[in-house]
Amino acid sequence: MNKELFKYTLRLADNALVLGQRLSEWTGHGPFLEEDLALTNIALDTFGTATSLLEYASRVEGADRNEDSLAYFRNEREFYNTLLVEQANGDYAKTIVRQVLVDAFNVLLYTELSKSKDETLSGIAQKAIKEVTYHYRHTSSWVIRFGDGTEESNKKAQEALNELWRFTGELFEMDEVEEELIKKGIAVDLKALQPKWEKQIDELLKKAILKKPENSFMQTGGKKGIHTEHLGFLLAEMQTLPRMLPNAKW
Amino acid sequence: MENKNFEDIFEAKMAKNEIIEPKDWMPDNYRKHLIRQISQHAHSEIVGMLPEGNWITRAPSLRSKLVLLAKVQDEGGHGLYLYTAAETLGTDRDELLNALHTGKAKYSSIFNYPTLTWADIGAIGWLVDGAAIMNQVMLQRTSYGPYARAMVRICKEESFHQRQGYEIMCHLSFGTSEQKEMAQDALNRWWYPTLMMFGPPDAESPNSENAIKWRIKRESNDQLRQRFVNQTMEQVDYLGLTVPDKNLKYNETKKAYDFSEPNWAEFKNVISGNGPCNKERLAARNEAHKKGEWVRAAAAAYAKKNKDAVAA
């Protein structure tokens, strides 16, 4: 098994899976019907990407785990998503701000990943680019509406941004897994994405009349399986049924 | 005199099976009946998102999660077409939602029952959506154009939902003993509430007569209920499950099943607000609406600023 490729694919997959799980908590409870449908669409796309990536991870591993065993039978310390995506939904401002920070990152990530020498990852990325581009368009337009809407919405969006900013540094962290795969032309050089992401977010915040948080200490750990306390509960809920009846097929 | 003429034209259209469109003249009680029926249907879709949404985060496989999420989203989409169809009759969505949130408007009572296990998601798709299709198929040819057209699309999607539910029931019924037990338990709990979905017995159904005349309804409650039982029993047998009714058996003479009536006292109780989840469903809808208030206000304020800026 190519250990680096397995871990790299799991990192990508877990970001999508955990974020999809968070988004799907909104279904049926959105701020109005059209937006409920739109956010559910984003959740559906995100789960779709997660499924493709987990399928690939299981093939790379070559063991007897399929995509469902990877999703439902790994423990908290074996999940490699970034801390940002596991943060609780909070109010709609927090959900949208979390999403826009990830969407802006994903547009850049998947654009680069589509050029990967790994054909499967490149294929998954090509499909995902179209989706995340639409997601960014949707969430960035909400950030502008919130920032430049009412005093209350501006305050909520600013608070969400202040709260979540400390998790953005981790998006660009790399270790020996990425470094090894960058040499082979498979992984994306995240450091190179950072200035582009910052520029894009700066422009968005300016349009939205929101202030970029300064001197924030950046939290880290998710990519190594050391999470915030939120992930354990998310997984407990998600994994309950397959673990209750481990021999059952669904 | 003039009204009389309009009424003659309307009646003539009815007699010729023609479609009534929003701009056509229609009697007040026809309009009222439609607004009530279409909005109740819309509310049912929206409230129906809740019991099923209850299992999205706990769906036991990636595929079942995606399918359930898409299904619940479809229900929301149905709500949207139906609210829009109701609006063509001169009401608006805020007014309709307000009636739902204050408990004035009704929605399908079935959604006041809880989804306690994953098998309930199977049972809802299979039985509840199955019963809904039976009620709704005839509405594709109903006399009011916008409603009929919305129903064409809705029925297509509902039959996909029914298959989704039946697929879950198959997995469970042919799975481990615990899974089979879960399937049987769900069937036991959903059987009678589903039979209630066709409404009270014909003799006690106050709205049926006009509804049939206007092609808002085409078959009676009891006829539909009988048809549903006949059709569903084949599937129950295939799954190796049993319905919780000792009196249910095939009657050779009438070539149909005999079965027990649901408990109509329970039905009245649930309709009047005392079902197991009436309070929770209404509270969840109210909470979502209230929490969304600042979001809607922000969108409106931003749209107004931009419009003013363009105008200036």
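Note: hydrogens, waters and symmetry copies are ignored here, and every other heavy atom, side chains too, is used. We name chains A, B, ... by the order of the sequence lines, and we start the count at 1 in each one.
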With a 4.5 angstrom heavy-atom cut-off, is it the side chain or the backbone of A/Ile96 that approaches chain B, or both, or neither? neither
A/Tyr80 six-ring face occupied by A/Lys7 cation (under 6.0 Å, within 45°): yes
Using the benzene-type ring in the case of Trp, are the ring centres of B/Tyr238 and B/Phe174 under 6.0 Å apart? yes
Output the option from B/Ala303, B/Ala59, B/Gly53, B/Gly175 having the highest count of non-hydrogen pairs under 4.5 Å with chain A. B/Ala59
Hey, does B/Leu127 have a side-chain heavy atom less than 4.5 Å from the side chain of B/Leu187? yes
Residue part contacting chain A, namely of B/Lys305, when any heavy atom lies under 4.5 Å: side chain
Do NZ/NE/NH1/NH2 and the carboxylate oxygens of A/Glu55 and A/Arg59 come within less than 4.0 Å? no
Cation over ring face, A/Arg243 and A/Tyr72, 6.0 Å, 45°: no
So which part of B/Leu69 gets closer than 4.5 Å to some heavy atom of chain A, the side chain, the backbone, both or neither? both
Top contributor to chain A interface from B/His289, B/Arg93, B/Glu75, B/Glu52 [non-hydrogen pairs under 4.5 Å]: B/Arg93
Most heavy-atom pairs under 4.5 Å with chain B, out of A/Ala50, A/Ser153, A/Ser141, belong to A/Ser153
At a heavy-atom distance under 4.5 Å, which candidate from B/Lys291, B/Glu178, B/Lys65 has the highest pair count against chain A? B/Lys65
Heaviest contributor of heavy-atom pairs below 4.5 Å to chain B, chosen from A/Thr150, A/Leu54, A/Asp148, is A/Asp148
Tell me, side chain or backbone of B/Tyr83 under 4.5 Å from chain A's heavy atoms, or both, or neither? side chain
Looking at B/Ser108, is its backbone amide N or carbonyl O close enough to the side chain of B/Ser44 to form a donor-acceptor pair, meaning the two atoms are under 3.5 Å apart? yes
With a 4.5 angstrom heavy-atom cut-off, is it the side chain or the backbone of A/Tyr92 that approaches chain B, or both, or neither? both
Pick from A/Met238, A/Arg22, A/Glu67, A/Met244: which one has the most heavy-atom pairs with chain B under 4.5 Å? A/Met238
In terms of relative ring orientation, are A/Trp142 and A/His138 parallel, tilted or perpendicular, with 30° and 60° separating the classes? perpendicular
Considering all heavy atoms of both residues, which atom of B/Gln73 and which atom of A/Leu44 are nearest to each other, and what is their separation? OE1-CD1, 3.4 Å
Considering only heavy atoms, which portion of B/Ser61 lies under 4.5 Å from any heavy atom of chain A: side chain, backbone, both, or neither? both
After noting the C-alpha distance and the side-chain angles of A/Gln87 and A/Lys94, does the key distance pass the side-chain hydrogen bond (donor to acceptor under 3.5 Å, both in side chains) rule? CA-CA 9 Å; A/Gln87 298 308 301; A/Lys94 192 170 168 192; 5.3 Å; no
Any donor-acceptor pair under 3.5 Å linking the side-chain atoms of B/His43 with those of B/Gln40? no
Do NZ/NE/NH1/NH2 and the carboxylate oxygens of A/Glu35 and A/Arg145 come within less than 4.0 Å? no
Lys/Arg-Asp/Glu bridge criterion (N-O < 4.0 Å) met for B/Asp185, B/Arg189: yes
Turns out that what part of A/Leu245 lies under 4.5 Å from chain B's heavy atoms comes down to side chain
Please state whether the side chain, the backbone, both or neither of A/Ala93 comes within less than 4.5 Å of a heavy atom of chain B. both
For A/Glu152, is it the side chain, the backbone, both, or neither that has a heavy atom closer than 4.5 Å to a heavy atom of chain B? side chain
Which region of A/Asn41, side chain (C-beta onward) or backbone (N, CA, C, O), has a non-hydrogen atom less than 4.5 Å from a non-hydrogen atom of chain B, or is it both or neither? both
Output the option from B/Leu66, B/Leu80, B/Thr57, B/Ile56 having the highest count of non-hydrogen pairs under 4.5 Å with chain A. B/Thr57
In terms of heavy-atom proximity below 4.5 Å to chain B, should A/Ala248 be classed as side chain, backbone, both, or neither? both
Could you have a look at B/Ala300, B/Gly48, B/Gly76, B/Ala299 and say which one has the most heavy-atom pairs with chain A under 4.5 angstrom? B/Gly76
A/Tyr110 and A/Thr49 side chains, donor-acceptor separation under 3.5 Å: no
Assert top hit (heavy-atom pairs under 4.5 Å, partner chain A, pool B/Lys304, B/Glu293, B/Arg296) equals B/Arg296
Heavy-atom distance under 4.5 Å to chain B: side chain of A/Asp36, backbone, both or neither? side chain
Sort B/Ile168 into side chain, backbone, both or neither according to what part of it lies under 4.5 angstrom from a heavy atom of chain A. neither
Test side-chain hydrogen bond (donor to acceptor under 3.5 Å, both in side chains) applied to A/Tyr134 and A/Asp45, step by step: CA-CA 11 Å; A/Tyr134 159 75; A/Asp45 288 343; over 6 Å; no
Are B/Lys290 and B/Glu287 within salt-bridge range, i.e. N to O under 4.0 Å? no
Please flag which part of B/Leu172 lies under 4.5 Å from any non-hydrogen atom of chain A: side chain, backbone, both or neither. side chain
Checking heavy atoms, do the side chain of A/Thr40, its backbone, both or neither come under 4.5 Å from chain B? both
Chain B contact via A/Leu17 - which portion, at a heavy-atom distance below 4.5 Å: side chain
